[in-house]
Amino acid sequence: MTRGQGGPSRRAFGGGVLALGGALMIGAVPGAAAAPDPGSGSGGGNGGGGARRTTLRHGSAERAGLLSGHLDRLVTEAEAFLAPSPTHPWYAGAVLLAGRGGTVALHRPIGMAVRYAAYDEKTDTGVELPPHEQVPMTEDTVFDLASVSKLFTSILAVQQIERGALELEAKVTAYLPEFGGGGKQDVTVRQLLTHTSGFRSWIPLYKEPTREGKLRLIWNEVPANPPGSTYLYSDLNLIALQLILEEITGLGLDVLLHDEITAPLGMHRTRFNPPLSWRPGIAATEDARPPWSGLDRGMVRGEVHDENAHGLGGVAGHAGIFSRAWDLAILARTLLNGGAYGRARILSPASVELMFTDFNTAFPGDEHGLGFELYQHWYMGAMATPRTAGHTGFTGTSLVLDPTTDAFLIVLGNSVHPVRTWRSGSAPRVATANELARAVPVRPARGRTAWFSGMASATTATLTLPHVAGAAHLECALWWDTEPGTDRVALEASADGGTTWQPVPFATDGATDGTTEHPTGTVGGWSGRVWHTVSAPLPGPNALLRWRYTTDQRYVGRGVYVDGLRLLDGAGRPVFDEARPADGARIKANGWSRSAD
């Protein structure tokens, strides 16, 4: 992560629960093309096992089991951020890739890979190149991934854990004795991978002219917090992990990346320090000059943007890898397959599951597997579930994987072009993730349509049933996926014709979790992408009932669905059934709509 004056914070908080199951996936997905399992893989020497070997190909949204209209809107949403948002463009251009199963259903370049010659700090404007010198984005444009590089370092570390050369709970000093300076003697490998080591977020290593001086800064660094006591995202964690890997293997991180990941998987446009021959196909980053940059390099293109990675020769555990969208899709598919792709295996399914398992249950909102962030609505948007994994990069890059739906989203933008201060937050990442989440259909529990709350933020949607004489009990089906801790769906009753409303306790019965009581009359968070049967006694003979879904102004989940609304009398006989046209017509929907998906 590059730091500099005016640099935006990369994080926002959200609630969360234990995340499980990196290799856990839904059943057959349309478009999954499984390559034959040869029984053993390359690139890691691991047995083939029985994991899927799904490989990628371009195909239609239908083949991927996605809704094409929402993929179209994904592009439209992304293109909006080429315009002022709100003052400057969020990026000069981007490459968007979305898929499910073995099908890449969207692979679209937008905007410019190179638009500006420089940044004019006096007028806060970009000095645009003449139109004929600007370079459009293409599907194969290569990007400086920035902190998405951390995922590759983490995979290399987990490979060594799998092989027994590295112990997850071992102290770092077991591999790097000098690391213990400054009171860091108790930091473990796991704490490096989960950002709980106590390191502060960043130090200017690039100011030290020699590698020895840079290492000395790391050895002598005093923790900002006791190890294991706090979550604090730090580039230093992955730099330390790089040093461990190089020590135990005797190889540079760039060699490990090639031999253990990119060559076995056929990721031919992924590497540190791309050669000059790649430069015409690489997106530009920043006009790097003080005071916003620590180095004076002018417009950077084809060299790593991050100052510390640049100071380390372009090869660093936290930043420095260049790649394209298709290569990252291969990596995504490999992990969703449980560590295999085609004839190559780079990790065992158990190792992938570790990467997608939350080790930070003590720090709600900062869920983290080994290297991967989990359940982060601030850039995963409505794709976020306890099993959703991903990472972002300061240059405008991101990767999101959802094992629950077998979907993946890659957004590669050059958002520091021409300068890092022009953008903040993750609005394009959230907007595109929301559309891909919506593109995965939710089939009604009964019949052809169900009531859908929508996915708008800062809204209240109500679905009100009529008063029915003799009604004593509500039954229906409920599906929910909301931003945890903030957005909730409530069952309410009114005895005065709708002037005031009170919560109605209810019970849900899911396919796998049995009966759960909800005494507050509300639910929120993630329901497991399954329908739950709702049962609730009416509080009185004159009660009106409604479902109310309220969202805050920040992020949303996939939304709420209600289906099969029925009111029963005391003997269990239906006195209202929305499946009957006359009854269904009496439901008042405010913000809810009928949806087949």
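The first residue in the sequence is number 1, and the count goes up from there. This one's a predicted model, so the numbers in the text were calculated from it and none came from an experiment.
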Should [X] and [Y] count as an ion pair when the cut-off is N to O under 4.0 Å?
X: Glu260; Y: Arg163; value: yes
X: Arg438; Y: Glu77; value: no
X: Asp406; Y: Arg100; value: no

Answer with yes or no after comparing the ring centroid distance for [X] and [Y] against a 6.0 Å cut-off, counting only values under it.
X: Tyr379; Y: His377; value: no
X: Phe356; Y: Phe372; value: yes
X: Trp90; Y: Phe81; value: no

### Query
Between the main-chain N or O of Arg420 and the side-chain N or O of Glu286, is there a donor-acceptor pair closer than 3.5 Å?
yes
### Message
Would the distance check show the side chain of Thr482 and the main-chain N or O of Pro484 forming a donor-acceptor pair, the cut-off being under 3.5 Å?
### Response
no
Assess the side chains of [X] and [Y]: does a donor N or O sit below 3.5 Å from an acceptor N or O?
X: Glu79; Y: Thr76; value: no
X: Asp327; Y: His268; value: no
X: Gln553; Y: Ser457; value: no
X: Glu373; Y: His368; value: no
X: Ser197; Y: Asn237; value: yes

### Query
Is Thr388 close to Val400 at the side-chain level, that is, under 4.5 Å between some pair of heavy atoms?
yes
#### Entry: Residue list, side chain to side chain donor-acceptor pair (under 3.5 Å) with Arg271, at least two apart or on another chain
none
### Query
Parallel, tilted or perpendicular: which fits the ring planes of Trp531 and Tyr561, with parallel below 30° and perpendicular above 60°?
perpendicular
### Message
Could you tell me if Arg423 sits above the aromatic ring of Phe394, with its cationic atom closer than 6.0 Å to the ring centre and no more than 45 degrees from the axis?
### Response
yes
